[in-house]
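Since the structure comes first, as structure tokens, the remarks are kept for the end.
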There are 2 protein chains.
Amino acid sequence: MLTKKELKDYCDKARENFLPHISIDCVVFGFHEGLLKVLLLKVKNEGEWYLPGGFMLKAEPIEKAADRILKERTGLDKIFLQQFQVFGDPERSKEHFEMYKDMLPAKENWFTNRFLTIGYYALVDFCDVTPAPDQFSATCAWRDLNDLPELKLDHALILKTALDTLRLQLNYQPIGYNLMPKEFTMPELQKLYETILDKKLDRRNFQRRMLGFGILNRSEKPRKGGAHKAPYLYSFDLENYQAALTEGFKGGW
Amino acid sequence: MLTKKELKDYCDKARENFLPHISIDCVVFGFHEGLLKVLLLKVKNEGEWYLPGGFMLKAEPIEKAADRILKERTGLDKIFLQQFQVFGDPERSKEHFEMYKDMLPAKENWFTNRFLTIGYYALVDFCDVTPAPDQFSATCAWRDLNDLPELKLDHALILKTALDTLRLQLNYQPIGYNLMPKEFTMPELQKLYETILDKKLDRRNFQRRMLGFGILNRSEKPRKGGAHKAPYLYSFDLENYQAALTEGFKGGW
DNA sequence: ATTGATAGTGTATAATTGACACAAGAGTAA
DNA sequence: TTACTCTTGTGTCAATTATACACTATCAAT
């Protein structure tokens, strides 16, 4: 919770710099130890969490704003970002109204406005991220997708929609470049797919299909050190990967 | 072109009723005589056309706003609407700035603001639509997708994106219920698909696949009157159609 | 060397897709 | 009436793709 002065300062600056009524919320997916993770922020002195988000500068392209917001939370540049939906229920920010309504008259209070929020989802390499809390949060941390805390506002809906979209995308586009480290083994990649889809896949068929897409390069040397047979290392063929991203995998018609 | 007074009135009302900086633009697809059509408006005394669009009331859900806007242009209720992208380049409304900048000081002028526009596409039965121009247009009419006029602002981009999205959707969802009349023949439905995809399809394989989806009911009586073999009439099985819409056709994984 | 766990590869079968040909019905013109 | 033409309905074969499943190889620990 902010002090009254902090709130007023924030609101004054926001009104001056940001487009009113519009916000951006990002669902940042990461993958670690076989689990799909989401980057969340925890409200100061409260139990609830929320998605990293922010506002758009008055002359800033949407995509740039999303980049900027995520750079602040993750330290990362050039994140894979996908706009997936605008959430605009007039009631969606009611909680904000309640929260701050006594501290500042509605006219001056940035948060009593209605906000449409543009939903982005991001895929990032878990290990590259340095989570950083924002002004309203005590914590910024990865949370397990299977063990989510209570989320503020409509952020649970936004998260679910992002996940649905990601799963759909899996059917006609490659995924993984942004979620895996540079080099990885086929079983590791399979685990990613299984985690996203929440479903077991056949090892052999997965490999055949994946290789069939022609977006993987196999490195000469297998990974050593494990207690078992050394798996081959793969990396994505960026050129083909990019092409598959824009053209999609299977025509359908 | 509006008179100065008309413009001022419009702007005053807009500021009072609408959310600033946000607009909605709709790409309305129709199908007629084997051609895919788009509903467009023509600016008064000018050659350029633009997409039906409008603004959002301060307490109105986005979807409702899109419905309202389309109701005004087409006379139709309960249109199939799909939000597909927000267009928010800061430069995208430059034309507006130019157009009205001399008529009204920027502070009072609704149109000199930056607008993010939420893109919707709609699929409608061509025959049901009664095109009605808006305040800024002389004409509202169906235009052939293969013979598009110059479009204002970034509306050409919006239209293209809508079409790409529609084509993609064709691969994992049923389409047609909103574009075809109640009853139709298989060749007619095929023509719709061919038109959207801009590609010839095999008659027999199309039929097999289409029937395989299980979303069609075949009527007892074939259509009479043609100079050739009477084709069967089909209609959509609404229940299965709806299910296919939400679940999609093919899993992929 | 033996064992246990994991990785790599192959193959038989079923299902789906794609290409194609023929039969049937409805009007038309001799 | 009959032959003709155009369009629609349906079947079938081959090729491709998906699915299920089993065996072999390799590394580390004992």
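As the structure is a prediction and not an experimental result, all values here were calculated from the model. In what follows, chains carry the letters A, B, and so on, assigned in the order in which the sequence lines appear, proteins first and then strands, with residues in each chain numbered from 1.
One interatomic measurement links the two molecules: CG of B/Asp202 to P of D/dT10, which rounds to 15 Å at whole-angstrom precision. Between B/Leu211 atom CG and D/dG9 atom P there is a gap of 10 Å when expressed in whole angstrom units. In this structure, CD of A/Gln190 is placed 12 Å from C1' of C/dT6, rounded to the nearest angstrom. Atoms CZ (A/Arg203) and P (D/dT24) sit 15 Å apart, rounded to a whole Å. The CD atom of A/Gln207 sits 10 Å away from the P atom of C/dG10 (whole-angstrom rounding). Between A/Arg209 atom CZ and D/dT17 atom C1' the separation is 10 Å, expressed in whole Å. Atom P of nucleotide C/dT16 and atom CZ of B/Phe213 are separated by 12 Å, given to the nearest angstrom. Straight-line distance from the CG atom of A/Asn205 to the P atom of C/dT9: 14 Å, rounded to whole Å.
The side-chain heavy atoms of A/Phe236 and A/Leu216, taken from C-beta on, include a pair separated by under 4.5 Å. A 4.5 Å side-chain heavy-atom check between A/Val38 and A/Phe29 finds at least one atom pair inside the cut-off.
Between B/Lys160 and B/Asp164 there is a salt bridge, since a side-chain N of the basic residue sits under 4.0 Å from a carboxylate O of the acidic one.
The side chain of B/Ala230 has C/dA26 as its nearest neighbour among D/dG9, D/dC27, C/dA26. Residue A/His228 places its side chain closer to C/dT6 than to any other of C/dG25, C/dT6, C/dC20. In this structure, the nucleotide among D/dG9, C/dT11, C/dA19 sitting nearest to the side chain of B/Pro187 is D/dG9.
The residue from B/Val27, B/Thr117, B/Leu41 that alone fulfils the side-chain contact (heavy atoms from CB on, under 4.5 Å) condition with B/Leu51 is B/Val27. When A/Lys199, A/Lys200, A/Arg167 are each tested for a salt bridge (Lys or Arg N to Asp or Glu O under 4.0 Å) with A/Glu194, only one passes: A/Lys200.
The base of C/dG8 lies outside donor-acceptor range of the side chain of A/Arg208, with no N or O pair under 3.5 Å. One can find a donor-acceptor pair under 3.5 Å joining the base of C/dA21 and the side-chain atoms of B/Arg204.
Residue B/Arg218 places at least one side-chain N or O closer than 4.0 Å to OP1 or OP2 of D/dT10.
Residue whose closest nucleotide on DNA chain D sits further toward the 5' end, between B/Pro231 and A/Lys229: B/Pro231.
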